[in-house]
Amino acid sequence: METMISLERAWEIISEKIHTPETEEILLQESYHRVLAKSVISPIAMPPFDRSPLDGYAYAASNSDPASLSLHMVSEIPAGTYPDRELKPGECAKIFTGAPIPVGANCVVRMEDTEPQGNLIQIRRPVSPGSNIVHQGEEIQEDEVVLVAETLLTPSTVGLLAALGVEKVTVYRRLRIGLLSTGSELREVGQALSPGKIYNSNTYTLRGMLIECGCEVEAASFVPDRLPEMIETLSGLQDMDAIITTGGASVGEYDLIREALSGIGCELLFWKVNFKPGTPAALGIKGKQFYFALSGNPAAAMITYELLVRPALKRMSGLKDNEAVFPVKMAGRFGKSGRQRRFLRARAIFRDGEIWADPDYAQGSGILRSMIGCNLLVDVPGGHGPVEKGEILLARWIPAEGEIG
Ligand SMILES: Nc1nc2c(c(=O)[nH]1)N[C@H]1C(S)=C(S)[C@@H](COP(=O)(O)OP(=O)(O)OC[C@H]3O[C@@H](n4cnc5c(N)ncnc54)[C@H](O)[C@@H]3O)O[C@H]1N2
Ligand code: MOO
């Protein structure tokens, strides 16, 4: 087992063990926020026929047309109909936005540039051949790969598939994640709080973050800091892609999570990551099941979820790990200096074309309230010294709290 490793080394260790879940075929309308497991090849061209992008008249233009034309209107083509009459020279068809271009026409002139006199249409501003025609397959060709595997299905991608008539898609099954909070001090909401006890909040923050990631969550009831109960409950969380525990990860006599993980036959890959908050995080693996043991401190648990668990779950669900890191300007100072790298929770402010990071005044590992509305984690390197206002540092986005401030 490796210990006190960098965040980057932790990612490497996690990457080596990543697997994607099985696939399933589901209806398009149920596919939002799922990840494509099989590329989609377009069954049709889009648009499926040459069509008019505006209301006007279709006719055969030539480059030698005079400054004004007079044409016989021989048909009307509303959207949804298909013209079977071929236009001859000197003829035009009244055509509406989205309607197919008739055979014999090579342009559309907009209605505003014409003047009807009965069935005779004066074209006051003739257009050149090819004008105002949206060609068949202009957006997508038949048999073209429209979406590649590992694409996240969003409103635009699902809409595109609907436009192509695709009824079902093959996606990765949703990740199933088990949650377990540990700690003899814990009580559940709804229970009375006796001296020395606190309410379990980690299950609630993590459940929300997992739902944001599109996971199915099975939360076990919290367990006290006693090995037999920990082992029993962990053993009950079967058929999961990953299990996330909080608490009992540090060095005290009641910090038993690593022993419990070993007790269920888990191989421990690392313990302690060299950043704050959340240093005592551990990773175990048993078969294909990942076990992330996070600090019990509520803010530390959320931050290590962001830094370690979410990138892993993203890759397990078939997505590319493209966690963006970008420069931010500090809008406030943080006076504490430390040997360890630290991630400061901060709120993004978009001002004068720059992203400013306003760090919360409370950066303690246990202060959950200070996470509210924080959409940035500012990366302060180890040994950096106090962070000054106006200083430029790198930051990562926290999607779960990610409203633009
Ligand atoms: N001698 C040392 N002590 C500690 C060290 C160390 O290196 N040497 N590391 C500290 C650091 S850093 C952290 S972080 C914490 C992590 O401790 P654990 O993961 O063992 O977490 P607990 O002790 O169980 O809990 C910490 C804190 O959080 C509260 N908690 C726990 N679970 C929940 C929950 N589900 N909901 C709300 N709050 C929870 C718990 O009551 C504690 O106050 O260790 C330091 N100690
Ligand atoms: O690693 Mo702990 O920094 O207090 O959360």
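Indexing begins at 1, ligand by ligand and atom by atom, following the structure's order. This chain uses plain numbering: 1 for the first residue, then up along the sequence.
- Compare Gly296, Gly248, Ala281 by their heavy atoms: the one nearest to atom 24 (O) of ligand 1 is in Gly248.
- With ligand atoms numbered from 1 in the order given, ligand 2 contributes 5 (O) to contacts under 4.0 Å with heavy atoms of Ala300.
- Close contacts between ligand 1 and Gly247 involve ligand atoms 19 (O), 21 (O), 24 (O) [criterion: under 4.0 Å to a heavy atom].
- More than 12 heavy-atom neighbours from other residues, nucleotides or ligands sit within 6.0 angstrom of CD on Glu8.
- The proximity of Ser181 to ligand 1, defined as any non-hydrogen pair under 4.0 Å, is limited to the side chain.
- Heavy-atom proximity to Tyr199, at under 4.0 Å, picks out these atoms of ligand 1: 36 (N), 37 (C).
- Each of the atoms 1 (O), 2 (Mo), 3 (O), 5 (O) of ligand 2 lies under 4.0 Å from some heavy atom of Gly278.
- By the neighbour-count criterion of 12 heavy atoms within 6.0 Å, atom NE2 of His72 is sparsely surrounded, having that number or fewer from other residues, nucleotides or ligands.
- Look at Glu24 and Arg173 and you find no salt bridge, because none of the NZ, NE, NH1 or NH2 atoms lies under 4.0 Å from a carboxylate O.
- Residue-ligand proximity: Pro280 is placed with a non-hydrogen atom under 4.0 Å from ligand 1.
- Around atom OH of Tyr254, no more than 12 heavy atoms belonging to other residues, nucleotides or ligands sit under 6.0 Å away.
- Arg345 contributes atom CZ, which lies 13.0 Å from atom CG of Leu376 (distance to the nearest 0.5 angstrom).
- Salt bridge status for Glu218 with Arg176: absent, with no side-chain N to carboxylate O gap under 4.0 Å.
- Per-residue contacts place Lys276 under 4.0 angstrom from the following atoms of ligand 1 (heavy atoms of the residue considered): 12 (S).
- Residue Asn200 has at least one heavy-atom neighbour below 4.0 Å for each of these atoms of ligand 1: 34 (C), 35 (N), 36 (N).
- Looking at Glu2 and Arg9, a side-chain N of the basic residue comes within less than 4.0 Å of a carboxylate O on the acidic one, giving a salt bridge.
- Close approach of ligand 2 to Pro277 is summarised as follows: ligand atoms under 4.0 Å from at least one heavy atom of the residue are 1 (O), 3 (O), 5 (O).
- Closest to atom 1 (N) of ligand 1, if we only count protein heavy atoms, is Val251 CG2, 3.6 Å.
- Taking distance alone, with nitrogen or oxygen atoms compared against 3.5 Å, Phe275 stays at or beyond that limit from ligand 2.
- Contact between Pro277 and ligand 1 is absent, with no heavy atom of the residue lying under 4.0 Å from the ligand.
- Around NZ of Lys38, the count of heavy atoms belonging to other residues, nucleotides or ligands within 6.0 Å does not exceed 12.
- No part of Tyr254 comes within 4.0 Å of ligand 1, judged by heavy-atom distances.
- Within the listing of ligand 2, atoms 1 (O) sit less than 4.0 angstrom from a heavy atom of Thr279.
- Within ligand 1, the atoms closer than 4.0 Å to a non-hydrogen atom of Asp255 are 20 (O), numbered from 1 in the order shown.
- Ranking protein heavy atoms by distance to atom 33 (C) of ligand 1, first place goes to Asn202 ND2, 3.3 Å.
- Ligand 1 has an N or O atom lying under 3.5 Å from an N or O atom of Glu185, backbone or side chain.
- Here the CG atom belonging to Asp255 is positioned 9.5 Å from the OG atom belonging to Ser295, to the nearest 0.5 angstrom.
- No salt bridge links Arg396 with Asp379; every basic N to acidic carboxylate O contact stays at or beyond 4.0 Å.
- Counting non-hydrogen atoms of neighbouring residues, nucleotides and ligands closer than 6.0 angstrom, the CZ atom of Arg124 exceeds 12 such neighbours.
- We find that Lys288 and Asp241 are not joined by a salt bridge, their nearest charged nitrogen and carboxylate oxygen being 4.0 Å or further apart.
- The closest protein non-hydrogen atom to atom 4 (O) of ligand 2 is Ser365 OG, 2.5 Å.
- Among protein heavy atoms, the minimum distance from atom 3 (O) of ligand 2 is reached at Lys276 NZ, 2.9 Å.
- Contacts between Ile198 and ligand 1, counted as non-hydrogen atom pairs separated by less than 4.0 Å, involve the side chain only.
- Taking CE of Met240 as the reference point, atom CG of Leu234 lies at 11.5 Å (rounded to 0.5 Å).
- Interface of Pro280 with ligand 2, defined as ligand atoms under 4.0 Å from a residue heavy atom, comprises 1 (O).
- Close contacts between ligand 1 and Ala249 involve ligand atoms 18 (P), 19 (O), 20 (O) [criterion: under 4.0 Å to a heavy atom].
- Ser75 contributes atom OG, which lies 11.5 Å from atom NZ of Lys94 (distance to the nearest 0.5 angstrom).
- Residue contact check for ligand 1: Ser201 places a non-hydrogen atom closer than 4.0 Å to it.
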Practice prompt. Using the side-chain contact (heavy atoms from CB on, under 4.5 Å) rule, take Val169 and Ile26 through it: C-alpha gap first, then chi angles, then the decisive distance, then the call.
Written response: CA-CA 6 Å; Val169 280; Ile26 59 169; 4.1 Å; yes
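- When Pro298, Ser250, Gly183 are checked for heavy-atom proximity to atom 9 (N) of ligand 1, Ser250 turns out nearest.
- Within 6.0 Å of CZ in Phe326 there are more than 12 heavy atoms belonging to other residues, nucleotides or ligands.
- Heavy atoms of Ile257 found under 4.0 angstrom from ligand 1: none, in either backbone or side chain.
- Here's the thing with Ser295: none of its N/O atoms is less than 3.5 angstrom from an N/O atom of ligand 2.
- Considering backbone and side-chain N/O atoms, Thr279 never comes within less than 3.5 Å of an N/O atom of ligand 1.
- Atom CD of Glu232 has 12 or fewer heavy atoms from other residues, nucleotides or ligands within 6.0 Å.
- Ser295 OG, 3.2 Å is the protein heavy atom nearest to atom 14 (S) of ligand 1.
- At a heavy-atom cutoff of 4.0 Å, ligand 1 is contacted by both the backbone and the side chain of Asn297.
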